[in-house]
Amino acid sequence: MLLRHARSLLFLPASNARAVAKARTLPCDMVILDLEDAVPDDAKEAALDGAVAALAEGFGGRLAAVRINVEGTRWHGPEMVALKGTAADYVVLPKVEHPRQVRDVFSVAQKPVIAMIESAKGVLAAPAIAAGEGCAGLFMGVNDLRRDLGIPPSADRTGLSHAMQAVVLAARAAGIAVFDGVFNRLDDETGLETECAEGHRLGFDGKTLIHPGQVPVANQVFGPDAQAVADARRLVEAATGGAERFEGRMIETMHVEEAQALIARAEAVSAR
């Protein structure tokens with residue numbers, strides 16, 4: 001699966017062996033073994049060992065990533081070194097505000113990096129980060145960004161809309177994937193569905209998640225529905241080149257390419 005085809009990207013503590021094992025049974029498209037926020041300081045070394053062992057066992061065709069600790073902590077360097085040569089598909093780097101941070105991790109870990117944009121400085125630097133060496137995608141870090149912008153935790157995402165669109169624009173300009181931030185309310189499926197739909201409309205490829213129960217909703221919202229795929233197949237089959245009429249509307253090469261991309265995404269997720 002290509003990164004841009006992922007719908008559901010699940011964070012879980014690398015220190016929790018049961019959660020890691022359960023992830024192999026879930027319909028998520030990416031498993032992110034977390035060494036940062038989800039792991040207490042005194043368990044980080046053991047969590048790294050657990051992550052390396054889990055990567056060796058694999059996740060049954062799911063994409064696998066590891067979120068390392070932020071630059072400047074004592075764990076950052078050893079984690080980069082330890083991930084080199086593992087089966088991780090990506091390294092997730094938190095609190096990125098400069099492309100150098102991504103480049104450093106990429107050069108040491110020898111893995112493509114997904115940069116988390118979690119601050120005002122990160123949003124403003126997103127175009128340079130996205131275009132920099134080693135950057136394969138961007139994550140919105142909405143919780144830290146709220147705090148950095150002074151937005152109350154109880155507020156909706158209106159105050160984040162400019163930042164979210166700026167991050168999507170940066171990713172698209174660089175030709176890389178981009179994913180919406182996590183939804184914190186675990187028992188609010190309606191709220192999760194609403195937020196996923198909002199993120200989809202903004203152009204995000206999928207959503208980062210913090211609980212297995214959130215996976216089906218993200219998959220449903222970000223996955224192409226059967227009717228859209230059927231329409232896309234008919235359009236591709238009917239197109240003969242140039243501008244032409246198709247089922248009451250005008251289409252051209254751009255629409256054919258969009259339809260082909262939708263079909264490719266549907267095939268990728270169905271193979272999961």
Side-chain angles (χ1 to χ4, degrees), residues 1-9 28-30 63 89-90 99 102 112-117 122-140 142 157-158 160-181 193-209 217-272:
M1 172 178 282
L2 298 175
L3 180 58
R4 67 175 180 269
H5 291 153
R7 305 157 297 174
S8 49
L9 304 91
C28 56
D29 294 329
M30 175 185 277
L63 295 173
D89 296 301
Y90 301 94
V102 173
V113 176
I114 301 173
M116 295 195 68
I117 307 300
V123 172
L124 294 178
I129 294 167
E133 182 183 9
C135 191
L138 302 178
F139 282 175
M140 285 299 308
V142 291
R157 300 210 300 178
T158 302
L160 294 171
S161 59
H162 174 76
M164 291 191 294
Q165 193 65 78
V167 172
V168 171
L169 284 168
R172 295 304 176 222
I176 63 174
V178 60
F179 299 93
D180 199 1
E193 185 173 0
T194 299
E195 192 166 289
C196 284
E198 175 192 53
H200 194 198
R201 289 192 300 270
L202 285 173
F204 289 104
D205 293 304
K207 192 164 183 66
T208 53
L209 308 170
V217 172
N219 283 349
Q220 189 276 322
V221 174
F222 285 98
D225 63 58
Q227 185 59 58
V229 175
D231 292 346
R233 293 189 187 280
R234 290 200 313 277
L235 188 153
V236 170
E237 291 171 0
T240 59
E244 56 190 313
R245 185 183 181 93
F246 171 73
E247 297 186 358
R249 62 189 176 101
M250 292 302 296
I251 63 169
E252 54 187 62
T253 302
M254 176 190 72
H255 301 102
V256 176
E257 292 173 348
E258 288 179 339
Q260 290 170 334
L262 184 69
I263 294 167
R265 183 177 179 88
E267 291 176 346
V269 300
S270 66
R272 280 277 305 106

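Bear in mind that the values here come from a model prediction, so they are computed numbers and not experimental data. Values below: every heavy atom of this structure, side chains too, minus hydrogens, waters and symmetry copies.
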K.L.:
Can you measure from CZ (F179) to CE (M30) and round to the nearest 0.5 angstrom?
P.N.:
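Result: 6.5 Å between the selected atoms.
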K.L.:
Distance from L202 atom CG to S161 atom OG, nearest 0.5 Å?
P.N.:
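These two atoms lie 8.0 Å from each other.
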K.L.:
Checking the side chain of R157 only, and the main-chain atoms of M164 only, is there a donor and an acceptor separated by less than 3.5 Å?
P.N.:
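It does not hold such a pair.
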K.L.:
State, with a plain yes or no, whether a side-chain heavy atom of R7 is found less than 4.5 Å away from one of R265.
P.N.:
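Heavy-atom side-chain distance check passes, below 4.5 Å.
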K.L.:
Sub-3.5 Å donor-acceptor pair from the side chain of S8 to the main-chain atoms of D29, do we have one?
P.N.:
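Checking the backbone N and O of D29 against the side chain of S8, a donor-acceptor pair under 3.5 Å is found.
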K.L.:
Between E267 and R233, does the salt bridge (Lys or Arg N to Asp or Glu O under 4.0 Å) criterion hold? Intermediate values first, please.
P.N.:
CA-CA 12 Å; E267 291 176 346; R233 293 189 187 280; 3.6 Å; yes
K.L.:
Output the distance between atom CD1 (I263) and atom CD (E258), rounded to the nearest 0.5 Å.
P.N.:
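So the gap between those two atoms works out to 12.0 Å.
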K.L.:
Measuring from Y90:OH to L9:CG, what's the distance to the nearest 0.5 Å?
P.N.:
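It is 10.0 Å, given to the nearest 0.5 Å.
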K.L.:
Less than 4.0 Å between a side-chain N and a carboxylate O, is that true for R172 and D205?
P.N.:
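Yes, D205 and R172 are salt-bridged.
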K.L.:
Looking at R201 and E195, is there a salt bridge between them, counting it only when a charged N and a carboxylate O are closer than 4.0 Å?
P.N.:
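No.
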K.L.:
Quick one: does any side-chain atom of K207 pair with a main-chain N or O of G181 as donor and acceptor, under 3.5 Å?
P.N.:
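Between the backbone of G181 and the side chain of K207 there is a qualifying donor-acceptor contact (under 3.5 Å).
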K.L.:
Ring-plane angle category for F222 and H200, please: parallel below 30°, perpendicular beyond 60°, tilted otherwise.
P.N.:
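The rings of F222 and H200 sit tilted, inter-plane angle from 30° to 60°.
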K.L.:
Quick one: do the E244 and T240 side chains pair a donor with an acceptor below 3.5 Å?
P.N.:
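Judged by distance alone, the side chains do pair up.
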K.L.:
Indicate yes or no: at least one non-hydrogen side-chain atom of V269 is less than 4.5 angstrom from one of N219.
P.N.:
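Result no, sub-4.5 Å side-chain heavy-atom pair not found.
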K.L.:
Taking atom SG of C28 and atom CG of L209, what is their separation to the nearest 0.5 Å?
P.N.:
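Between atom SG of C28 and atom CG of L209 there are 8.5 Å.
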K.L.:
Do T208 side-chain atoms and F139 backbone N/O form a donor-acceptor pair below 3.5 Å?
P.N.:
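Answer holds: no.
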K.L.:
Within the structure provided, determine whether M116 and M140 are in side-chain contact (heavy-atom separation under 4.5 Å).
P.N.:
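No. Closest side-chain heavy atoms not under 4.5 Å.
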K.L.:
Evaluate V102 against C135 for side chain to side chain contact (heavy atoms under 4.5 Å, CB included), listing each step before the verdict.
P.N.:
CA-CA 6 Å; V102 173; C135 191; 4.0 Å; yes
K.L.:
So how far is it from E198 CD to L160 CG, rounded to the nearest 0.5 Å?
P.N.:
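The CG atom of L160 is 9.0 Å from CD of E198, to the nearest 0.5 Å.
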